[in-house]
Amino acid sequence: MTDGIAGRERERLAAAFPTLTLDTSAEPATVTGTLRLDSGIGFTVDLRVPHNYPEGIPRLVCREEEIPWIEDRHVMGAGVACLCVSSEYRLHWPRGSDLTDFFKCFVVPYFARQAYYQIHGQWPPGQERSHGAAGIVESFSDTLSELASLCVATIERFLVVLASPGHPKGSDPCPCGSGKKIRKCHRRLVWTLRNNVDPQFARHDLFVLRQSPPHPVSPSA
C-alpha cells in the first residue's frame, strides 16, 4: 500500500470508525481496534490487507474467544471470517472502493449477525447463507434473478464463463441456456458480471459447486 493510499484510507477510517487504526509498518498491513455495535456488543477487529491492495481482497480474522472457529458460525480455518461467497466480493465492493466501504459492506453486517446470534441463539431471519455449494447457489439465485428460470446447471455455465481469464465474445452461446448468442441475449448481465467477478474467485466457486452439487434450484427461483 503506497503512502498516498494509506493516508486517504486513514482519513476515511478515522471519520467513519474512530476506534480503528490502519498500520502499514509491516506486511500485511492491518486494521485493528474494537468495533462496538448499536447492540452494545463489541468485537475485536483484525483485518489483514494484502500486499496487492486495492486489487487484493482483505481478510477478517476473528478472535476465537469471541466467535467460535467453526463453519456453523461462518468462520473458516485459522479464524478467517466467511464474509460472502467468493464471487460476490467485487459485485458489492467494486474496484474504486476503499477499506471504509469494505467495513460498511461486509465487516459491520457480519459482526451484527454474530451479535444477533449471541443474543438470540439463531441468525437474523433471512440473513444466513448456507455453506459450500448451497451458499453459492443461493448467492447466484440473487445475482441471476432476472433470468426467467434458473437451475444449478445454469449457475455452473455462468461460472465457467466467469472463470475464464478472457472476456467472452458476443458470438459465444449465452450461459443462460437459451441457445442464443450473448450479444442477442443477456449481454448486459454477462458483461457486468465479467467486469466485476475475479476469475480466480469464480474458479473457486465453480470447484466447490462441482465437488458437492446442491439440491436443484426451483425453476421459479
Side-chain angles (χ1 to χ4, degrees), residues 1-13 16-17 20-33 35 43-63 67 69 71 73-114 127-133 135-140 142-143 155 158-159 161-167 192-209 211:
M1 184 184 298
T2 66
D3 291 341
I5 292 176
R8 291 191 296 271
E9 294 282 3
R10 286 193 182 94
E11 185 176 347
R12 282 212 69 203
L13 273 171
F17 303 103
L20 303 183
T21 301
L22 171 62
D23 182 3
T24 59
S25 62
E27 290 287 349
T30 58
V31 178
T32 57
L35 190 60
F43 291 94
T44 301
V45 171
D46 181 2
L47 189 76
R48 315 284 175 86
V49 185
H51 72 278
N52 62 337
Y53 178 85
E55 185 62 27
I57 306 294
R59 294 190 307 162
L60 177 67
V61 179
C62 302
R63 286 275 184 92
I67 303 174
W69 287 7
E71 191 177 69
R73 289 295 294 271
H74 297 280
V75 182
M76 311 307 288
V80 177
C82 180
L83 300 177
C84 68
V85 169
S86 296
S87 295
E88 288 184 302
Y89 275 113
R90 287 300 184 185
L91 292 174
H92 303 303
W93 187 64
R95 288 174 176 81
S97 304
D98 60 15
L99 292 174
T100 299
D101 297 322
F102 192 88
F103 270 90
K104 292 178 178 179
C105 182
F106 295 118
V107 179
V108 173
Y110 177 83
F111 281 146
R113 291 191 296 270
Q114 295 288 347
Q127 293 190 32
E128 185 195 12
R129 281 263 169 83
S130 301
H131 306 299
I136 293 169
V137 168
E138 292 167 6
S139 168
F140 275 88
D142 293 336
T143 301
I155 294 172
F158 268 88
L159 280 171
V161 170
L162 299 175
S164 173
H167 208 287
T192 297
L193 293 175
R194 171 67 288 170
N195 289 332
N196 289 283
V197 176
D198 192 308
Q200 67 173 326
F201 292 142
R203 286 192 291 271
H204 171 270
D205 290 343
L206 180 61
F207 174 80
V208 173
L209 188 67
Q211 287 292 109

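Worth saying up front: this structure is predicted, and the values here are computed from it rather than measured. Excluded from the calculations below are hydrogen atoms, water molecules and symmetry mates; all remaining heavy atoms, backbone and side chain alike, are included.
Minimum interatomic distance between Arg10 and Leu22 (heavy atoms only, all atoms of both residues): NE-O, 3.2 Å. Looking at every heavy atom in both residues, Ala16 comes nearest to Thr100 through CB-CG2, 3.6 Å. When all heavy atoms of Arg194 and Val161 are compared, the closest pair comes out as NH1-O, 3.5 Å.
Not one N or O on the side chain of Tyr89 forms a donor-acceptor pair closer than 3.5 Å with the backbone of Asp198. Under the 3.5 Å distance criterion, the side-chain polar atoms of Gln211 are left unmatched by any main-chain donor or acceptor of Ala133. Under a 3.5 Å cut-off, the side chain of Arg48 and the backbone N or O of Val61 do not form any donor-acceptor pair. Using a distance-only test at 3.5 Å, with no hydrogens or angles considered, no donor-acceptor pair links the side chain of Arg63 to the main chain of Asp46. For Asp101 (side chain) and Asp98 (main-chain N/O), a donor-acceptor pair under 3.5 Å exists by modelled atom type. Side chain of Tyr53 to backbone of Leu99: a donor-acceptor contact under 3.5 angstrom is found. In terms of modelled atom types and a separation under 3.5 Å, the side chain of His131 and the main chain of Glu71 share a donor-acceptor contact.
For the pair Leu209/Val137, a side-chain contact is recorded, criterion being any heavy-atom separation below 4.5 Å from C-beta on. Looking at heavy atoms from C-beta onward, Leu162 lies out of side-chain contact with Phe201 at the 4.5 angstrom threshold. Side chains of Leu35 and Val108 form a contact here, defined as non-hydrogen atoms less than 4.5 Å apart. Considering only heavy atoms from C-beta on, Leu83 stays 4.5 Å or farther from His92 through its side chain. For the pair Tyr110 and Cys62, the minimum side-chain heavy-atom distance is below 4.5 Å.
The local environment of CZ in Arg59 is sparse, with at most 12 non-hydrogen atoms from other residues, nucleotides or ligands closer than 6.0 Å. Annotation: Asp3, atom CG; neighbour count of heavy atoms from other residues, nucleotides and ligands within 6.0 Å does not exceed 12. Within a 6.0 Å sphere centred on CD of Glu11, heavy atoms belonging to other residues, nucleotides or ligands number 12 at most.
When each of Phe111, Phe102, Phe103 is tested with Phe17 by the rule ring pair (Phe, Tyr, Trp, His ring centres under 6.0 Å), just one qualifies, namely Phe103.
With values rounded to the nearest 0.5 angstrom, Arg203 atom CZ is found 12.0 Å from Ser86 atom OG. The CZ atom of Arg95 sits 8.5 Å away from the CG atom of Asn195 when rounded to the nearest 0.5 Å. Taking CG of Leu193 as the reference point, atom OG of Ser87 lies at 9.0 Å (rounded to 0.5 Å). Atom CG of Leu20 sits about 11.0 Å away from atom OG1 of Thr30, to the nearest 0.5 Å.
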